[in-house]
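Structure first, then comments.
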Amino acid sequence: MRSKALPGWAHTLCTAAAALVFLLAYELVVYRVPVTEIFLPVSSWSDEVIYSKQLAAAVQYGAPQGYFGFNESHAAVGTYAAWGPAVFLVYALPGLLLRGQNAFLWCNLLFVVLGWTFFARAARLGWKRQLAFAAALAAMNAPIRYVFSAMQEPLHYALMLAVLGCGILARRDKSRAAWAGLCVLCAVATLVRPYEAVLWLFPLALCRQDRRRIAVCVAGGAVSLGGTLVLMSKFYAPYFFTNVDVSPLQELARGQVVSAVRDVAHKLLDALRTVAEMLADQLANRSGGQYLLFFLLLGVTLVCLLVDARAGRPVFWKGCAAVTAVIVFLALLLMYRPVEGSRHTLVLDVLLLAALLVEDARPAAGTAAAALVLAALGVLNLADGFTMPRYSAEWDAAVQQIEAALTESRSAVTSADPWDSTVAYAFGDPVHCGLLYGVPDGMGIQFDEAAYLTDPAHEIHSRYVLTAADTPTAARLQADGWTVLYESDRGVLYEHGTM
């Protein structure tokens with residue numbers, strides 16, 4: 001990928017093309033579904049439809065016209081669900097051009113190719129190091145699988161690579177523009193995921209003797225972290241349950257320092273025990289997952305860090321990556337349940353691998369080779385359960401029928417109440433979430449637990465409900481006089497008859 005005969009722009013284009021070809025070829029070889037035939041409505045990942053529909057609303061209207069939320073809830077300000085609106089405004093930038101049902105997927109592919117290309121060019125990676133990077137990603141599988149989805153993880157892979165690339169330019173070339181770009185990237189990362197505020201350690205480490213820049217980092221970190229906390233408290237719809245524990249922060253705000261420290265220590269110990277049990281089970285059953293991969297990469301990074309420090313070799317980027325990874329890992333254990341937090345470690349894996357490639361090409365290549373061997377032996381098994389949704393004419397027809405029914409119904413609605421532009425999905429009933437892709441762009445979606453919908457004490461605010469026939473949810477709606485707009489063996493769409 002490097003050639004002295006190529007001008008810089010041509011080298012950049014070749015790097016981007018190689019990254020794109022690798023990703024597309026890997027997806028086709030492993031999952032045997034051409035990227036043009038990926039059909040998200042067939043996917044069982046319910047998060048994807050929430051992300052896709054919020055992006056479509058952001059692109060077309062600036063914000064959803066109906067409420068996104070859970071159990072008939074909504075944000076105190078605005079109509080977005082979790083992670084909104086910052087992440088969807090970031091996706092909306094390329095989303096203005098990359099339209100359609102797979103817009104989120106196309107944005108993910110673009111983000112990763114841009115992040116890879118920028119990092120490779122900034123770090124001056126030759127083809128051998130990029131090949132090692134590709135081999136490691138192939139062994140890990142999960143990061144590439146998420147690229148071809150409507151999940152937001154690929155954006156964070158790209159942000160990690162871009163942060164490292166900007167840091168390299170700022171340190172090596174003394175580039176003010178690169179340092180400023182690094183600060184902007186850290187602010188964006190913090191706004192889209194709170195724990196990525198740790199990335200501000202990168203610009204801080206680069207300016208540890210410059211008081212003015214230190215002040216900029218501290219101010220930027222404080223403002224972006226404050227911004228993301230405001231977004232979480234005011235612009236996020238509350239989830240089914242408290243999956244982000246902020247009680248220690250609340251205790252600190254009340255001045256209960258000792259209580260906050262004690263709660264953090266107990267939660268960390270409990271979470272670490274759970275992670276240890278998960279690792280032991282995965283090793284015993286040869287089903288190693290995200291935590292095994294994370295500790296493998298972190299272990300290699302720390303060993304290289306110690307060996308290189310003793311030998312007087314470069315350790316700066318490995319040190320930054322290792323410190324960031326450890327802090328974020330502990331933050332994940334505090335914020336999420338271990339099972340849910342494991343997916344987030346994939347972003348740290350990309351950061352650790354990239355830092356190794358910059359300063360230790362051979363250990364990085366060795367790690368990639370070891371990961372491939374472990375994957376082949378089944379010890380490292382991040383592909384387990386992953387499939388790629390392929391186009392289905394039957395599902396496409398069902399989605400279009402849902403869209404036609406809702407479009408016709410909404411044409412007679414004059415109310416500006418967001419609830420009149422909201423569809424409730426009976427989460428837990430035997431109705432596939434992929435039908436929600438038929439919800440017209442701009443409408444909101446509620447993921448309501450079936451037990452919530454069947455409880456007479458709970459008022460259903462959404463004008464529409466998607467459930468299955470012969471369920472307690474359907475029985476309640478029929479008893480309350482709701483009208484059927486669409487019915488098939490895949491699901492039943494109801495409209496409130498009294499609105």
Side-chain angles (χ1 to χ4, degrees), residues 16 20 23 35 38 40-41 43 45-69 74-118 146-163 181 183-194 196 199 223-224 227-228 230-232 234-237 347 403 418 421-423 436-447:
L20 178 61
L23 293 170
V35 68
I38 295 175
L40 293 177
S43 173
W45 290 359
S46 58
D47 285 356
E48 289 183 299
V49 67
I50 296 178
Y51 289 152
S52 293
K53 285 301 178 180
Q54 287 182 98
L55 171 60
V59 169
Q60 189 163 339
Y61 299 102
Q65 304 301 291
Y67 287 126
F68 279 85
H74 61 84
V77 179
T79 53
Y80 286 99
W83 304 117
V87 69
F88 300 107
L89 295 180
V90 172
Y91 270 90
L93 296 175
L96 291 170
L97 299 176
L98 304 173
R99 301 292 186 97
Q101 199 171 77
N102 287 358
F104 217 97
L105 184 157
W106 301 126
C107 291
N108 281 339
L109 191 58
L110 175 65
F111 285 142
V112 172
V113 169
L114 291 177
W116 181 326
T117 302
F118 179 74
Y146 280 113
V147 172
F148 296 94
S149 74
M151 304 291 276
Q152 61 167 302
E153 271 63 30
L155 169 63
H156 302 279
Y157 307 154
L159 285 171
M160 291 292 176
L161 293 174
V163 163
C183 291
V184 171
L185 287 170
C186 290
V188 171
T190 303
L191 288 171
V192 295
R193 271 196 176 159
E196 290 182 4
L199 291 176
V223 170
S224 57
T228 198
V230 170
L231 289 175
M232 289 178 63
K234 298 296 183 181
F235 292 83
Y236 287 16
V347 177
E403 183 175 11
S421 295
T422 302
V423 177
L436 292 172
Y437 282 93
V439 173
D441 293 346
M443 291 188 70
I445 296 174
Q446 291 283 320
F447 267 61

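As the structure is a prediction and not an experimental result, all values here were calculated from the model.
Taking A103 as the reference, L55 meet the side-chain contact (heavy atoms from CB on, under 4.5 Å) condition, with sequence neighbours excluded. By the side-chain contact (heavy atoms from CB on, under 4.5 Å) test, H74 pairs with Y67, W419, sequence neighbours left out. Under the rule for a side-chain contact (heavy atoms from CB on, under 4.5 Å), V223 has no partner lying at least two apart in sequence or in another chain.
Formation of a donor-acceptor pair under 3.5 Å by the T228 side chain with backbone atoms of S224 is not found in this model. Judged by distance alone, the side chain of Q54 and the main-chain N or O of Y80 form no donor-acceptor pair under 3.5 Å.
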Enumerate, atom names and distances included, each donor-acceptor pair closer than 3.5 Å involving a side-chain atom of residues 184-191, sequence neighbours excluded.
residue: T190; atom: OG1; partner: C186; partner atom: O; Å: 2.7
residue: T190; atom: OG1; partner: W200; partner atom: NE1; Å: 3.4

In residues 85-101, what donor-acceptor pairs under 3.5 Å come from side-chain atoms, sequence neighbours left out?
residue: Y91; atom: OH; partner: N108; partner atom: OD1; Å: 2.5
residue: R99; atom: NE; partner: G95; partner atom: O; Å: 3.3
residue: R99; atom: NE; partner: L96; partner atom: O; Å: 3.0

Evaluate the criterion side-chain contact (heavy atoms from CB on, under 4.5 Å) for residue pair V49 and L40; output intermediate values, then yes/no. CA-CA 8 Å; V49 67; L40 293 177; over 6 Å; no

From CA spacing to verdict: side chain to side chain donor-acceptor pair (under 3.5 Å), S421, Q65: CA-CA 6 Å; S421 295; Q65 304 301 291; over 6 Å; no

Ring pair (Phe, Tyr, Trp, His ring centres under 6.0 Å) between W45 and Y146: does it pass, once the steps are laid out? CA-CA 11 Å; W45 290 359; Y146 280 113; 5.4 Å; yes

Is there a side-chain contact (heavy atoms from CB on, under 4.5 Å) between N102 and V35? Walk through the geometry before answering. CA-CA 10 Å; N102 287 358; V35 68; over 6 Å; no

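Taking OG of S43 as the reference point, atom OH of Y437 lies at 6.0 Å (rounded to 0.5 Å). The structure places CD of E403 at 11.0 Å from CE of M443, a figure rounded to the nearest 0.5 Å. The CZ atom of R193 sits 3.5 Å away from the NE2 atom of H156 when rounded to the nearest 0.5 Å. Separating the CG atom in L155 from the CE atom in M160 is a distance of 10.0 Å, to the nearest 0.5 Å. Note that CZ of F148 is 15.0 Å distant from CZ of F104, once rounded to the nearest 0.5 Å.
A heavy-atom distance below 4.5 Å is not found between the side chains of D47 and Q152. Counting only heavy atoms from C-beta outward, the side chains of L20 and L109 approach each other to under 4.5 Å. Contact of the L159 side chain with the L199 side chain is not registered, since no non-hydrogen atoms from C-beta on lie closer than 4.5 Å. F111 has its side chain out of reach of L161: every pair of non-hydrogen atoms, C-beta onward, lies at least 4.5 Å apart.
Between G444 and F68 the shortest heavy-atom distance is CA-CE1, 3.6 Å. Of all heavy-atom pairs spanning A57 and P64, the tightest one is CB-CA, 3.6 Å. Here the closest non-hydrogen pair linking A16 and V113 is O-CG1, 3.7 Å.
Sorted by first and then second residue, the salt bridge (Lys or Arg N to Asp or Glu O under 4.0 Å) pairs with a member in residues 52-65 read K53-D441; sequence neighbours excluded.
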